[in-house]
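Structure record follows, encoded as structure tokens.
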Amino acid sequence: MTRLTLLLLAAWLPVLPLQAEPLSLVRLLEQAAPAPTLRQGAAELEAMQAATAQRRAEAGWQLFGSGSAGSYRELGEEGGRDDYSGRQLALGVRHPLLGTLQRRLAQVQSGLQAEEAQRLRLAVLRAEQRLQLRSAYADWWRVEEEIAVCRRIRAAAGEALPVLRARSEAGWMLPSEAALLGERWSRLERLCREADEGRGLAQAWLGELAGQPLPAGATPAAEPLAARPQAWPQWQQVLERHPRLGERHSQLAVAGQQRELPWYAALESTVSLGRGFERRSRLAEEGGDWVASLDVSAPFDVLDYGRAQRREGEARYQAAQASVEAERHSLRQALLTALREHREALEGLHWQRERLESRRLRQVERQQRSALDGEAGVEQRQVATLDYYEALLQQVAAWHGLWLSESALHLFIDDDPAAAPLLGEGRERWQGEPGALPAPAGWSQGVYIWDSRVLLDARRRDGELEALQRAGMQRLYIGLSAEQVAGLPALRQPLQQLLQASRARGLQPVLLLGDPAWLRPAGRAGLQRLLQALAGLPFAALHLDLEVEQLGWPVPAQRLRDWLDTLALAARESEWPLELSSHHRWFAEESGEVCVPCALPQLGVGQVSLMIYTANAARSAELAASIARRWPALRFRLAQSVEPQLPAAETLAGRSAGELQRQVGRWQAQLQPEALAGIDWQAWSHYPR
């Protein structure tokens, strides 16, 4: 049997660049243009810097000059009068002293403080823009997620509402009961219409905040969210480094400098040195002089003026201190509120997940009993389906609420790299993709495609998909070789095209992975990195072919626990519903220490393909039916082999396609009433064409 070998993953996956599709939040934040308020603030900062340069120049040496011209009538010493015309010119330099110099230096300091305060305000504005972008991105994700769920809701409502009307008109159901169920379906449909109408608004608002329209066809991706932020005492350290508090500390520093004024602060004073030039009519010579002067002036009541200055300085210092305390209190209150809301949102998400799981199990049970309940169970099946869809939408809302609460925490750490660990190491990952909805009660054929090169080749893809459809396949378990995984960055676009082409034909493309090394604790990191690298591709599910027998027989209990631990990791890391291939022995009866089928529903494994490889079709059907009845919380499929290398008693190799399809019809008649979902073939490379 072919298996996926990924032994080289650990060497290259840590540095694997993830594809920027769909549009990630990180990429959006990096490419967003500065908001208009930021551009305005940057221009104001530049103006402040220019004003500070002017104040600095005014505190130093200055040039002065004066000139005059006129007619003069001077009285002489002996009563005579001297009439003449003359011109005078004076040039020099002067420098402020004492209180004048102190005030001008204070203006320079105030300008520098204003610049620093503006820089800190810009940091706050940038953080607020990022908060708006994070929140708007989360809103967009919620709308898109609700629309994806609504595709299934509309299909289910289209089937349910005519049934309600027919049963009510035929008298098989009370009109009031039919109306109540119809009202619930109508409410879901209204929510879906609101989501459709909100998509354009969400995209437009996000594009407005980002400063550019979103790329055509872009889709959001759920970001991993903090699961265990650190405790309140550790968060307090970031408050003193917050820009808003930094601005208040800057104001306090300036107020402290101006708190104690020198004794000469009330004195206006300048020193100047000048040269004068004079020319008079009727005189051939020019006159002139050098003048050095010291000017000092003060208020008449200089003592009262000085005391008033000191009172003002002290009052401004006290006000600055109070401002620091007020800002610290405000930040502490905001941070405590954000931490409390995050904890409540996290608890709400966990509760919604539990609620969704219970609704899922109830719907599965109702579907599995449909053959037994018949018409009598129609109302209960519809109630279970409605409960499930409502719980699914509520889980989307709970994840959205957790995202918004974490965005508020980012206000305190985005500009402080040292504070990033405060969000903790644990991460919550979105597990409620629409594909996680319980499979319908229908029947489908699947096939394992370990060699996917033909499907990934654009020239041969359509022909291969056509062949798969002609063979009656609906579920395609698409495997990747080690070589393909090593070239994953270049492979993402062909994979994306393959998945889109498959869905367009009504096929379900499922990611098929399997490496026995992942069963060991040391090997799980490779699976984790691979799932992170494949994130964002629209597979319908993740199917793990992990057979504990491949590591040796007999299988000890610890290996079964390792198996379950690996599945738990896959369920946490995968954004797709988790499925499993397994030998039927682990489900045929309860094993002593470790009950695998008991644990799988709690781990998030919704479907198991039972590998019952036998040429005796009646025996495989009997085993599969008994297992499905024993474990109603799980949904099963029957896996059969057409591999020629297996012993004849274990394979259907050599049968024609027509024989195999006739056998599928017999299996469907036997197993669909037992709630089995279909048949899976191992493998496409050996299936008769």
Side-chain angles (χ1 to χ4, degrees), residues 1-4 439 442-451 468 471-479 507-516 540-550 563 567 577-588 596-597 600 605-631 634-655 657 659-661 663-668 670-672 674-688:
M1 185 183 302
T2 306
R3 289 292 180 269
L4 183 62
W443 178 272
S444 64
Q445 284 191 82
V447 63
Y448 295 89
I449 308 172
W450 291 101
D451 186 352
L468 285 159
M473 306 302 169
Q474 293 94 35
R475 286 173 62 84
L476 311 182
Y477 300 97
I478 301 170
L507 302 172
Q508 291 184 326
V510 177
L511 176 59
L512 173 62
L513 299 176
D515 185 348
L542 167 63
H543 191 96
L544 291 181
D545 185 9
L546 295 175
E547 300 170 37
V548 289
E549 300 87 349
Q550 288 182 300
W563 186 23
L567 294 175
L578 181 59
E579 302 176 359
L580 180 67
S581 287
S582 172
H583 195 282
H584 62 87
R585 65 170 59 90
W586 308 112
F587 300 85
V596 172
L600 292 183
V605 178
Q607 188 162 264
V608 179
S609 291
L610 296 169
M611 299 165 59
I612 308 178
Y613 291 176
T614 174
N616 186 339
R619 174 60 178 161
S620 62
E622 179 185 351
L623 274 174
S626 64
I627 290 172
R629 288 191 292 269
R630 183 174 291 112
W631 307 109
L634 288 168
R635 189 164 178 81
F636 293 97
R637 298 175 65 84
L638 173 62
Q640 290 286 277
S641 176
V642 290
E643 298 167 292
Q645 69 268 28
L646 294 182
E650 299 178 9
T651 178
L652 297 177
R655 312 287 178 91
E659 290 178 292
L660 293 178
Q661 290 305 304
Q663 180 57 52
V664 168
R666 290 191 288 271
W667 273 325
Q668 182 175 0
Q670 292 174 273
L671 298 177
Q672 190 172 6
E674 301 288 350
L676 268 81
I679 175 77
D680 293 329
W681 294 105
Q682 177 71 262
W684 178 239
S685 57
H686 301 297
Y687 193 87

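Distance CE/M611 to CG/L580: 10.0 Å, rounded to 0.5 Å. We find the CG-OG distance between D680 and S444 to be 7.0 Å, quoted to the nearest 0.5 Å. To the nearest 0.5 Å, the span separating CD on Q663 from CD on Q640 amounts to 8.0 Å. Expressed to the nearest 0.5 Å, how far CG of L623 lies from OG1 of T614 amounts to 8.5 Å. Interatomic distance, CZ of F636 versus NE2 of H584, reported as 12.5 Å (0.5 Å rounding).
Residues satisfying the side-chain hydrogen bond (donor to acceptor under 3.5 Å, both in side chains) test with S581, not counting sequence neighbours, are Y448, H543. Partners of S582 by side-chain hydrogen bond (donor to acceptor under 3.5 Å, both in side chains), not counting sequence neighbours: none found. Listed by chain and residue number, nothing satisfies the side-chain hydrogen bond (donor to acceptor under 3.5 Å, both in side chains) test with E622 (two or more places apart in sequence, or in another chain). E650 meets the salt bridge (charged side-chain N to carboxylate O under 4.0 Å, His left out) test with no other residue; sequence neighbours excluded. In this structure E659 satisfies the side-chain hydrogen bond (donor to acceptor under 3.5 Å, both in side chains) test together with S656, sequence neighbours excluded. Residues passing the salt bridge (charged side-chain N to carboxylate O under 4.0 Å, His left out) test with R629, sequence neighbours excluded: E674.
Judged purely by atom type and a 3.5 angstrom limit, Q474 has no side-chain atom pairing as donor or acceptor with the backbone of G446.
No side-chain donor from either of Q445 and W667 sits under 3.5 Å from a side-chain acceptor of the other. Side-chain contact of W450 with Q682: a donor-acceptor pair under 3.5 Å is present, judged by distance alone.
Minimum heavy-atom separation, A541 to V510: O-CG1, 3.4 Å. Considering every non-hydrogen atom in both W443 and I679, the closest pair reads CZ2-N, 4.0 Å. Scanning both residues, S641 and T651, for their nearest heavy atoms gives O-OG1, 3.2 Å. Heavy-atom minimum distance, L638 versus A624: CD1-CB, 4.3 Å.
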Problem - Stepwise side-chain contact (heavy atoms from CB on, under 4.5 Å) test for E547 and H583 - result: CA-CA 7 Å; E547 300 170 37; H583 195 282; over 6 Å; no

